[in-house]
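What follows is a short report on a single structure.
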Protein chains: 2
Amino acid sequence: MTATPTDERAQQARPKRADARRNEQTLLDAAAALFVTSGVNAPVRDIAARAGVGVGTIYRHFPTRSDLIVAVFRHQVEACVAAAPRLLAARESAHQALAEWVDLFVDFLVTKHGLASALHGDNDGVDTLHTYFVGHLVPACGLLVAAAIATGEIRGDIGPYELLRAVGSLAAGEGQADDTAAESPAERAYDARRMAAVLIAGLRLS
Amino acid sequence: MTATPTDERAQQARPKRADARRNEQTLLDAAAALFVTSGVNAPVRDIAARAGVGVGTIYRHFPTRSDLIVAVFRHQVEACVAAAPRLLAARESAHQALAEWVDLFVDFLVTKHGLASALHGDNDGVDTLHTYFVGHLVPACGLLVAAAIATGEIRGDIGPYELLRAVGSLAAGEGQADDTAAESPAERAYDARRMAAVLIAGLRLS
DNA sequence: ATGGTTTACGGAGCAGTGTTCCGCTTTCTT
DNA sequence: AAGAAAGCGGAACACTGCTCCGTAAACCAT
């Protein structure tokens, strides 16, 4: 244990092979493209084929599908996290900031085919995905919730975790077979943003 | 087309064979039992094995998984439908009746492994399931919503269909890996009933 | 350059799904 | 009892996720 040089991983214990780095990026691009057209549950073989690699290569770089999804959406999640304090500072009311942030979050989820559903872990290795999202977004959401509680705008017995889960669930509902162009008054199509807004409204103290 | 006797199907054009009727019931029992232990996505082979029939027999009686699910839960859905007018008559406030009915509905969904998720149609032949639920529950929910709108208790721009979908989505969120026995104030575990209640509260006119 | 070592790749193959199809069995009718 | 109709069983196919290991590529020392 002399100086444990391996701890200094930042000093590239040994950089990955060139083709490995190239393949990782290629895979990310292929996955991102396929996620748009076929949703986050696109077959592994398809992603591999699109990237021009074998399936083994995918599993080496991204052991579980969650790892791949997280890698693809990392930037957008971080942007969402960063928006929380910004909104809080820019808006007059904390509740208003929370509402807008939730809208942002829902927008992010519904524009990715099945991302919200994937969060719901029907599958097995979804832990990574869930953990990542919770780990990053709960603090951001918590900031806004705490602020709104402090100003007495919303009830104090709802935690950011459950709120996030609820909003995520509402977002998962969108994207079904809903071609009722009729738009009749009482049978309006499902809109996750609207329902999320209702939920946030329900947080208010009477 | 003389008298078209086949139209009078109620007059048993020709009753199903005895073994067919027996198998259908056996399958329903087997499916119900397996749905409890393994969720509504239990493998077709398992259901067939438990009923002691071949997989072909399942597909003959229930062409899609939705048909089977609908058949298994028909009674409970009808009970839920029947509860709506009863609650409306028994409660002072329409909003209160709506809240209790939603609670009933959420309870029904969360006690069936993955039923709510199945409603969310990741799969293909979920149309039947979705159609059945919507067809029966939207009117029931609509009754309560209309009453609450009429009394001026809730906003008038939310339809029963989207409300039902939202509640179903919230219910789908429950049943994850959530063993946080800690129950810390801000990180409370997800409870679909609580969140559904918040949603219903959000319907109120300020 | 060259040889040896390490790293990474490819894709065949396994296991678990849903779904179809058709020869055989059971039931019903006469 | 015999023929016809209805129903059954499960092999077989298609499509998944995932593993494993022989082979190829990249790297490093000389």
Side-chain angles (χ1 to χ4, degrees), chain A residues 6 9 11-31 34-35 38-69 113-114 117-118 121-129, chain B residues 5-6 9 11-28 30-31 34-35 38-69 113-114 117-118 121-129:
Chain A
T6 57
R9 197 157 315 234
Q11 202 185 347
Q12 43 192 16
R14 201 188 301 177
K16 270 193 291 198
R17 254 171 54 174
D19 56 347
R21 243 174 305 126
R22 198 181 335 124
N23 275 331
E24 183 162 339
Q25 189 55 48
T26 307
L27 272 172
L28 280 176
D29 294 344
L34 226 51
F35 284 177
S38 311
V40 296
N41 291 317
V44 183
R45 280 170 177 76
D46 291 1
I47 302 175
R50 170 144 199 159
V53 305
V55 290
T57 302
I58 290 200
Y59 284 100
R60 192 163 321 101
H61 287 292
F62 308 100
T64 79
R65 173 174 240 101
S66 293
D67 293 307
L68 182 54
I69 297 177
H113 275 139
S117 307
D122 296 47
N123 303 331
D124 37 323
V126 193
D127 273 3
T128 308
L129 186 59
Chain B
T6 56
R9 197 158 316 236
Q11 201 184 349
Q12 42 190 14
R14 202 185 302 178
K16 268 194 292 198
R17 254 170 55 172
D19 55 346
R21 244 175 304 128
R22 198 180 334 124
N23 274 333
E24 182 162 339
Q25 189 55 50
T26 307
L27 272 172
L28 280 176
L34 225 51
F35 284 177
S38 311
V40 295
N41 291 317
V44 183
R45 280 168 178 76
D46 290 2
I47 303 176
R50 170 145 197 156
V53 305
V55 290
T57 303
I58 290 200
Y59 283 100
R60 190 159 324 97
H61 287 291
F62 308 100
T64 78
R65 173 173 241 101
S66 293
D67 293 307
L68 182 54
I69 297 177
H113 275 141
S117 306
D122 296 44
N123 303 328
D124 37 324
V126 193
D127 273 2
T128 309
L129 185 60

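Lettering of chains follows the sequences in order, A, B, ..., and the numbering in each one begins at 1. Heavy atoms only: backbone and side chains are in, while hydrogens, waters and symmetry mates are out.
Between the CD1 atom in B/Ile58 and the OG1 atom in B/Thr64 there is a gap of 12.0 Å [rounded to 0.5 Å]. From B/Phe62, atom CZ reaches atom CD1 of B/Ile69 across 11.5 Å, with rounding to the nearest 0.5 Å. Summarising the geometry, atom CG belonging to B/Asp67 is positioned 9.5 Å from atom CG belonging to B/Leu129; distances are rounded to the nearest 0.5 Å. A distance of 12.0 Å separates NE2 in B/His113 from CG in B/Leu34, rounded to the nearest 0.5 Å.
Between the OH atom of A/Tyr59 and the P atom of C/dC14 there is a distance of 17 Å, given to the nearest Å. If you take CZ of B/Arg14 and P of D/dA5, they are 8 Å apart, rounded to a whole angstrom. Nucleotide D/dC27 holds its C1' atom 10 Å from the CG atom of A/Asp19, rounded to whole Å. The CD1 atom of B/Ile47 sits 15 Å away from the P atom of D/dG9 (whole-angstrom rounding). A/Leu27 has its CG atom 13 Å from the C1' atom of C/dA8, to the nearest Å. For the pair B/Gln25 CD and D/dG7 C1', the interatomic distance rounds to 18 Å; values are reported in whole Å. Taking atom CD1 of residue A/Ile58 and atom C1' of nucleotide D/dT19, one finds them 14 Å apart after rounding to whole Å. Rounding to whole angstrom units, CZ of residue A/Arg22 and P of D/dA26 are separated by 6 Å.
With respect to A/Asp19, the side chain to side chain contact (heavy atoms under 4.5 Å, CB included) criterion is satisfied by exactly one of A/Arg22, A/Lys16, A/Arg21: A/Arg22.
The residue among B/Arg21 and B/Asp46 whose nearest nucleotide of DNA chain C lies closer to the 5′ end is B/Asp46. With the nearest nucleotide of DNA chain C identified for both B/Pro43 and A/Gly56, A/Gly56 has the one nearer the 5' end. Along DNA chain D, the nucleotide nearest B/Gly54 and the nucleotide nearest B/Arg17 are compared for position; the residue whose nucleotide lies closer to the 5' end is B/Arg17.
Residue A/His61 has no polar side-chain atom (N or O) positioned under 4.0 Å from OP1 or OP2 of C/dA8. Phosphate contact (OP1/OP2 of C/dC9, side-chain N/O of A/Arg60, threshold under 4.0 Å): present. OP1 or OP2 of D/dC8 has at least one side-chain nitrogen or oxygen of B/Asn23 nearer than 4.0 Å.
The residue A/Val55 sits close to a base: some heavy atom pair falls under 4.0 Å.
With hydrogens and angles ignored, no donor-acceptor pair closer than 3.5 Å exists between the side chain of A/Arg65 and the base of D/dG17. In this model, a side-chain donor or acceptor of A/Arg45 finds a partner on the base of C/dG13 within 3.5 Å.
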